[in-house]
Amino acid sequence: MKNSFRDRVYTIAAKIPKGKVVTYGQLAKMAGSPQAARAVGMSMRCNTDRKKVPCHRVVASNGALTGYAFGKGVTTKKEILLKEGVVFKSNKVDLIRSQWTGR
DNA sequence: AGATTGACCGTGT
DNA sequence: GACACGGCCAATC
């Protein structure tokens with residue numbers, strides 16, 4: 001165990017229920033640093049275990065899909081989220097319906 | 001050890 | 001509503 005910020009993000013991201021998404025800011029807050037949204041994204045970028053860390057369930061605060069280190073990038077990410085049952089609004093995720101508040 | 005980048009967020013114009 | 005700027009955190013070069 002590394003007990004690093006990254007490890008914490010991994011653990012929390014793994015807790016995200018299927019069909020729900022979390023914003024980087026929210027995840028950062030859960031990790032202990034409300035302003036470390038960027039650091040969260042970086043941890044995700046370095047992440048290689050998409051089975052253990054559903055990084056595709058992590059989206060921007062405005063519901064827009066960003067990055068993704070696998071498949072076709074945001075394209076694959078959107079497909080996966082759509083399959084998971086996440087509600088999409090235009091080209092973004094409907095946070096009103098699919099944002100996981102951590103409860 | 002220092003400097004730079006990066007899958008961001010909030011606010012202002 | 002869209003575009004631009006600055007600020008914060010951690011990891012990587």
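Throughout, a chain's letter reflects where its sequence line sits, starting with A, and its residues are numbered from 1.
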Between [X] ([atom1]) and [N] ([atom2]), how many Å, whole number?
{"X": "A:Asn47", "N": "C:dA10", "atom1": "CG", "atom2": "P", "result": "18 Å"}
{"X": "A:Asn62", "N": "C:dG1", "atom1": "CG", "atom2": "P", "result": "13 Å"}
{"X": "A:Leu27", "N": "B:dC9", "atom1": "CG", "atom2": "P", "result": "11 Å"}
{"X": "A:Gln26", "N": "B:dG10", "atom1": "CD", "atom2": "C1'", "result": "15 Å"}
{"X": "A:Met44", "N": "B:dT5", "atom1": "CE", "atom2": "P", "result": "23 Å"}
{"X": "A:Met30", "N": "B:dC9", "atom1": "CE", "atom2": "P", "result": "13 Å"}
{"X": "A:Lys92", "N": "C:dA2", "atom1": "NZ", "atom2": "C1'", "result": "11 Å"}
{"X": "A:Lys29", "N": "C:dC9", "atom1": "NZ", "atom2": "C1'", "result": "16 Å"}

What nucleotide among [options] has an atom nearest to a side-chain atom of [X]?
{"X": "A:Ala60", "options": "C:dA11, B:dC9, C:dC9", "answer": "B:dC9"}
{"X": "A:Met42", "options": "B:dC8, B:dG6, C:dC9", "answer": "B:dG6"}
{"X": "A:Gln35", "options": "B:dA7, C:dC8, C:dA11", "answer": "C:dC8"}
{"X": "A:Ser33", "options": "C:dA11, B:dC8, C:dA10", "answer": "C:dA10"}
{"X": "A:Ala37", "options": "C:dC8, C:dA11, B:dC9", "answer": "B:dC9"}
{"X": "A:Cys46", "options": "B:dC8, C:dT12, B:dA7", "answer": "C:dT12"}

Do A:Thr23 and A:Gln99 have side-chain heavy atoms sitting under 4.5 Å apart?
-> yes
Heavy-atom distance under 4.5 Å between the side chains of A:Val53 and A:Val9, does that happen here?
-> no
All heavy atoms of A:Trp100 vs all of A:Ile12, minimum pair found to be CZ3-O, 4.2 Å
Side-chain N,O (A:Ser61) to OP1/OP2 (B:dG10) below 4.0 Å = yes
Return no unless some side-chain N or O of A:Arg45 is found under 4.0 Å from OP1 or OP2 of B:dC8.
-> no
Gap separating the OG1 atom of A:Thr11 from the CG atom of A:Asp7, nearest 0.5 angstrom = 4.5 Å
Could you give the distance from CE (A:Met44) to OG1 (A:Thr66), rounded to the nearest 0.5 Å?
-> 11.0 Å
So what does A:Ala39 hit on the nucleic acid, given a heavy-atom distance under 4.0 Å: a base, only sugar-phosphate, or nothing?
-> base
With sugar-phosphate meaning primed atoms plus P, OP1 and OP2, does A:Tyr68 contact a base, only sugar-phosphate, or nothing at under 4.0 Å between heavy atoms?
-> base
